[in-house]
Amino acid sequence: MASSALIMLSFPLCVSLLLLRSAQAQLGFGQQETGQPGGSRCRIERLSALEPTMRVPSEAGFTEYVDQNHEQFRCAGVAVHRRTILPRGLLLPSYSNAPSLVYVVQGSIITCPRSFVLFDYGVTVRRRWSLHAGRGIAGTVIPGCPETYQSFQQQREGGDEHQRIHSFHEGDIIALPAGVAHWCYNNGEAPVVAITVSYTSSSANQLDRQHRFLLAGRERRAQQGAHTEEILEQQKGVSLLNGFELELLAEALGVDKEVVRKIQNPDDGRGEIVRVDRGLQLLQPLQRNEEQERQDGDDIRRRESNGLEEAFCTMDYKQNIGDTTLSDQYDPNAGRITVLNSRKFPVLRFMQMSAVRGSLRPNTVGAPYWNINTHGIAYALNGSCQMQVVGHGGRTVFDGELRQGQLLVIPQQFVVITKTRSEHYEWVSFKTNDNPMVSQIVGKASVFRGMPVEVLINSYRISRDEAKRLKFNRGNLMSMFPLESHGDVRET
């Protein structure tokens with residue numbers, strides 16, 4: 001009898017502990033820390049808009065690195081680079097010790113089908129429908145997963161088998177878990193440009209910083225930028241296979257020494273992005289049309305976790321966040337916001353990362369907000385905005401403009417206001433939590449809306465009418481507020 005009573009008393013306690021643990025995970029508490037706790041590095045006195053400081057050229061493109069030693073990146077525990085791949089350019093296979101999210105950015109105006117990527121080449125993009133972008137395919141090789149793309153001629157010359165490959169286009173997010181080998185190829189008519197953010201403070205990374213491990217080729221020396229030599233020492237690399245003794249590697253690979261000499265070619269100066277003159281011949285299903293891809297995206301958005309983790313082998317590693325029909329918040333007079341978290345993109349659960357894609361129309365202000373359980377890395381895709389960031393003690397740590405191609409780290413709990421003037425502004429934010437949470441100060445479901453009027457009156461020494469205006473003046477608007485009429489509603 002006594003034991004039954006003890007069990008009955010213990011059960012509610014166990015449930016309470018499980019719920020507490022779940023809440024801690026939701027808010028980002030109690031997560032495994034790396035050897036460099038983020039709190040000791042986030043003594044930010046001043047933020048600044050950053051751009052790449054170093055360019056490393058290759059035969060068929062180049063990679064631009066942002067200074068990984070900058071205090072903003074040490075605070076957020078991230079590293080950032082931007083990569084441009086020319087047509088028929090192949091990014092050689094590699095892997096990283098940190099999970100990474102790759103966003104496929106807009107690009108230059110040329111005559112090829114609208115389907116994919118890019119960043120601006122000094123061309124101001126004014127209309128989305130006037131943009132003609134390149135295309136690309138990417139492959140991730142998941143350990144232990146079967147080669148499901150097969151040719152029946154695989155036993156004869158010309159046959160092959162390999163793991164799934166993905167076509168990608170403008171607005172796609174590509175997830176690259178730590179330690180997973182990957183490659184990329186530009187099969188379009190235009191350069192492909194993508195911005196990559198790696199979460200170096202992830203519990204998956206047990207090394208001191210981000211390291212990229214090449215499985216082929218070697219990086220060239222940098223061309224330009226401040227602190228070039230110091231950064232180059234961190235980023236430059238040669239294929240891992242070059243470090244092995246020739247005979248031992250030949251025995252391990254089961255090939256003759258002449259093949260290994262070609263693999264280890266010390267005179268290969270093409271860099272990490274090489275040109276494939278005749279194009280890659282791959283096993284790949286026929287392309288689906290955009291309507292089918294959009295329906296697939298809708299299915300993913302409606303899908304909720306059933307408590308069982310998806311198998312890595314069948315998991316999606318690409319999801320579009322740029323499709324305007326997938327917006328989570330939309331106001332035709334203000335803009336739109338789309339959140340990509342682990343509920344929509346399950347692989348993010350294993351990476352502890354997420355992304356937000358947004359756009360603001362001219363003369364619009366965003367609601368002041370702070371990130372509850374994550375740092376944010378905002379990258380300006382098009383246009384510009386005025387931004388203010390206020391940190392601990394009410395100190396203004398950033399008061400300036402964020403322009404196309406620049407990025408800004410928004411530390412956890414710092415309050416942000418964004419405002420546009422005469423031009424449209426588009427951005428993507430990378431978050432260091434797979435289920436990011438924000439708290440807004442005004443608007444629907446905000447801090448002020450959730451407080452009693454009496455609390456506002458006594459907190460700010462304002463009248464009752466002023467407190468009610470402060471609480472309700474934004475009506476049912478959520479997070480984007482037009483400052484004046486935009487005239488006719490136009491799709492952007």
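What you see is a predicted model; the values in this text were computed from it and never measured.
Ion pair Arg74/Asp67 not flagged as a salt bridge, since none of the NZ, NE, NH1 or NH2 atoms sits closer than 4.0 Å to an Asp/Glu carboxylate oxygen.
Listed by chain and residue number, Ile273, Arg275 satisfy the side chain to side chain contact (heavy atoms under 4.5 Å, CB included) test with Ala60 (two or more places apart in sequence, or in another chain). Remark: Glu51 engages no residue in a salt bridge (Lys or Arg N to Asp or Glu O under 4.0 Å) (not counting sequence neighbours). Listed by chain and residue number, Tyr369, Asn371, Lys431 satisfy the side chain to side chain contact (heavy atoms under 4.5 Å, CB included) test with Val438 (two or more places apart in sequence, or in another chain). Annotation: ring-ring contact (aromatic ring centres under 6.0 Å, His included) contacts of Tyr425 (sequence neighbours excluded): Trp427. For Gln264, there are no side-chain hydrogen bond (donor to acceptor under 3.5 Å, both in side chains) partners, not counting sequence neighbours. For Ser48, the side-chain hydrogen bond (donor to acceptor under 3.5 Å, both in side chains) partners at least two apart in sequence or on another chain are Gln72. Judged as a salt bridge (Lys or Arg N to Asp or Glu O under 4.0 Å), and not counting sequence neighbours, the contacts of Arg403 are Glu401. In this view, His81 and Arg83 satisfy the side-chain hydrogen bond (donor to acceptor under 3.5 Å, both in side chains) rule, not counting sequence neighbours. Residues that satisfy the salt bridge (Lys or Arg N to Asp or Glu O under 4.0 Å) test with Arg218, not counting sequence neighbours, are absent from this structure. Take Arg395 and apply the salt bridge (Lys or Arg N to Asp or Glu O under 4.0 Å) test, not counting sequence neighbours, and it matches Glu45.
Of the options Asn435, Asn433, Thr432, a side-chain hydrogen bond (donor to acceptor under 3.5 Å, both in side chains) to Thr374 is made by Thr432 and by none of the others.
Sorted by first and then second residue, the side-chain hydrogen bond (donor to acceptor under 3.5 Å, both in side chains) pairs with a member in residues 239-250 form an empty list; sequence neighbours excluded.
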Please output the side-chain donor-acceptor pairs of residues 88-100 that fall under 3.5 Å, not counting sequence neighbours, one pair per line with the distance.
| residue | atom | partner | partner atom | Å |
| --- | --- | --- | --- | --- |
| Arg88 | NH1 | Asp277 | O | 2.3 |
| Ser94 | OG | Arg212 | NE | 3.3 |
| Ser94 | OG | Arg212 | NH2 | 3.4 |
| Ser96 | OG | Ala98 | N | 3.2 |
| Ser96 | OG | Ala98 | O | 3.4 |
| Ser96 | OG | His211 | O | 3.4 |
| Asn97 | OD1 | His211 | N | 2.5 |
| Asn97 | ND2 | Asn205 | OD1 | 2.6 |
| Asn97 | ND2 | Arg209 | O | 2.7 |
| Ser100 | OG | Ala98 | O | 3.4 |
| Ser100 | OG | Ser198 | OG | 2.6 |

